[in-house]
Amino acid sequence: MQILVTGGAGYIRARVCVELLKKSYTVIIADNLSNSRIETVEKIKQLAGKDDVIFYKIDVTDASALKSIFLSHKVAAVIHLAGFKAIGESLEKPLKYYYNNTVSTMTLAEACIKYDVKKFVFSSSATVYGENKVPFVETMELRPAANPYGATKAMSERILSDVARANPGFSVSLLRYFNPVGAHESGLIGEAPKGVPNNLMPCLTRVARGKMEKLRVFGNDYPTVDGTGVRDYIHVVDLAEGHVAVLEKLAPGVHIYNLGTGKGTSVLELIRAFEEANKIKVPYEIVGRRPGDIAECYADVNKARRELGWKAKRGLLEMCRDAWNFEKNYRE
Ligand code: WQD
């Protein structure tokens, strides 16, 4: 069965592709390589021990490029993971995010309807909850996203929900990622954003490696356990396994799932976990809050466990060990 994965050469997406290949799916990757590397495609094959990967360097907003893929392959389902994901950058460049993240969703959904592909799995985000009461539950009313990135995810969820309602038999699964971290245990695939990273874990590993002098902790005056931001960090392998669990349970209609661990961890707690896991000191300094950040974000995980039989298995120390292992092995 052929699965089209957009953005498949990116960090999280690559891990999803490995899991799909291990389950004997054929994976078609469509990625414009704006924040990923072509070398990752070979690593995906190597880690899965499978060759059933077809790569297209295309932009998912390009309808004609998508058309050639749908005409060349019998796509059984699409997993739409391509999208820009840095909250801070989305505040500086909102139009880049609104265009890329929502137009790509619309273009891909149009292609699915045109070529009768009725299964659509979408990489959404916990940021759609906005500043809400934790733990975040799938049924809760969404608040305005604190940043354009989150707004594009909320818009894409609405677009896909309306498409499912207008097209009987169409199945949409909206996967609300919390904070994916870690790497494949081999150290071959991990988070290697181009340029200066936005997210905490890659900044942490770069400081540990001496590539950045110290970690900036964005604010310690939040109403949290120690004043620093609390997030639900989930191992990227757990997240990838969640995608396979969804793919195997797809049914018509709209289905929303939190992909998190259900545990909140503060920035300082993550630093301490990283130091304990890797026996290495991480110098840091407390600076001002980062615009667009919220205080706390972690998941209620009951629905995915109940309906998909999926739950995250890997803990914080394993996430920290795998992230550090990747950073040590990674060569620019
Ligand atoms: C985490 C915490 C920061 C960097 C991410 C992705 C987004 C989405 C949700 C999937 C916050 C603090 C960070 C640093 C810090 N993922 N921090 N110093 O903002 O929760 O969003 O997860 O959809 O794509 O961006 O993650 O790692 O940027 O921040 O103190 O150098 O770490 O303030 O409290 P965030 P993050």
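Hydrogens, waters and symmetry mates play no part in the numbers below; they use all other heavy atoms, side chains included. All ligand and atom numbering here is 1-based and tracks the order in the structure.
Remark: Lys57 does not engage Asp31 in a salt bridge, criterion side-chain N to carboxylate O under 4.0 Å. Between Glu307 and Lys249 no salt bridge is recorded (no basic side-chain N to carboxylate O distance below 4.0 Å).
By the criterion of a heavy-atom distance under 4.0 Å, both the backbone and the side chain of Asn199 are placed next to ligand 1. With a 4.0 Å heavy-atom cut-off, ligand 1 is reached by the backbone of Arg216 but not by any atom from C-beta on. Contact annotation for Phe178 and ligand 1: only backbone heavy atoms (N, CA, C, O) come within less than 4.0 Å of the ligand.
The heavy atom nearest to atom 1 (C) of ligand 1, out of those in Tyr177, Tyr233, Tyr149, Phe218, is found in Tyr233.
A cation-pi arrangement is present between Lys303 and Tyr257 under the rule of less than 6.0 angstrom and at most 45 degrees off the ring axis. In this structure, Arg176 is positioned above the aromatic face of Tyr129, its NZ or CZ under 6.0 Å from the six-membered ring centre and within 45° of the axis. Within the cation-pi definition used here (under 6.0 Å to the ring centroid, within 45° of the axis), Arg289 qualifies as a partner of Tyr222.
When only non-hydrogen protein atoms are considered, atom 34 (O) of ligand 1 lies nearest to Gly229 CA, 3.5 Å. The shortest contact between atom 20 (O) of ligand 1 and any protein heavy atom is with Arg231 NE, 2.8 Å. When only non-hydrogen protein atoms are considered, atom 24 (O) of ligand 1 lies nearest to Lys85 O, 2.7 Å.
With sequence neighbours excluded, no residue forms a salt bridge (charged side-chain N to carboxylate O under 4.0 Å, His left out) with Arg305.
Nearest heavy-atom pair, Gly130 versus Ile294, reported as atom, atom and distance to 0.1 Å: O-CD1, 3.9 Å.
Between Thr127 and ligand 1, not a single N/O pair is under 3.5 Å apart. Residue Leu200 has at least one N or O atom closer than 3.5 Å to an N or O atom of ligand 1.
Against a heavy-atom cut-off of under 4.0 Å, Asp293 is close to the following atoms of ligand 1: 3 (C), 19 (O), 33 (O). Within ligand 1, counting atoms from 1 as listed, the ones closer than 4.0 Å to a heavy atom of Cys203 are 31 (O). The contact set between ligand 1 and Asn198, taken as ligand atoms under 4.0 Å from a residue heavy atom, comprises 4 (C), 28 (O). The Ser125 neighbourhood of ligand 1 comprises atoms 8 (C), 10 (C), 23 (O), with distances under 4.0 Å to a heavy atom of that residue.
Think of Tyr97 as one node in a network of Ile, Leu, Val, Met, Phe, Trp and Tyr side chains linked at under 4.5 Å; its network also takes in Phe84, Ile87, Tyr149.
At a cut-off of 3.5 Å, with distance as the only test, a side-chain donor of Thr152 or Asn101 sits close to an acceptor on the other residue.
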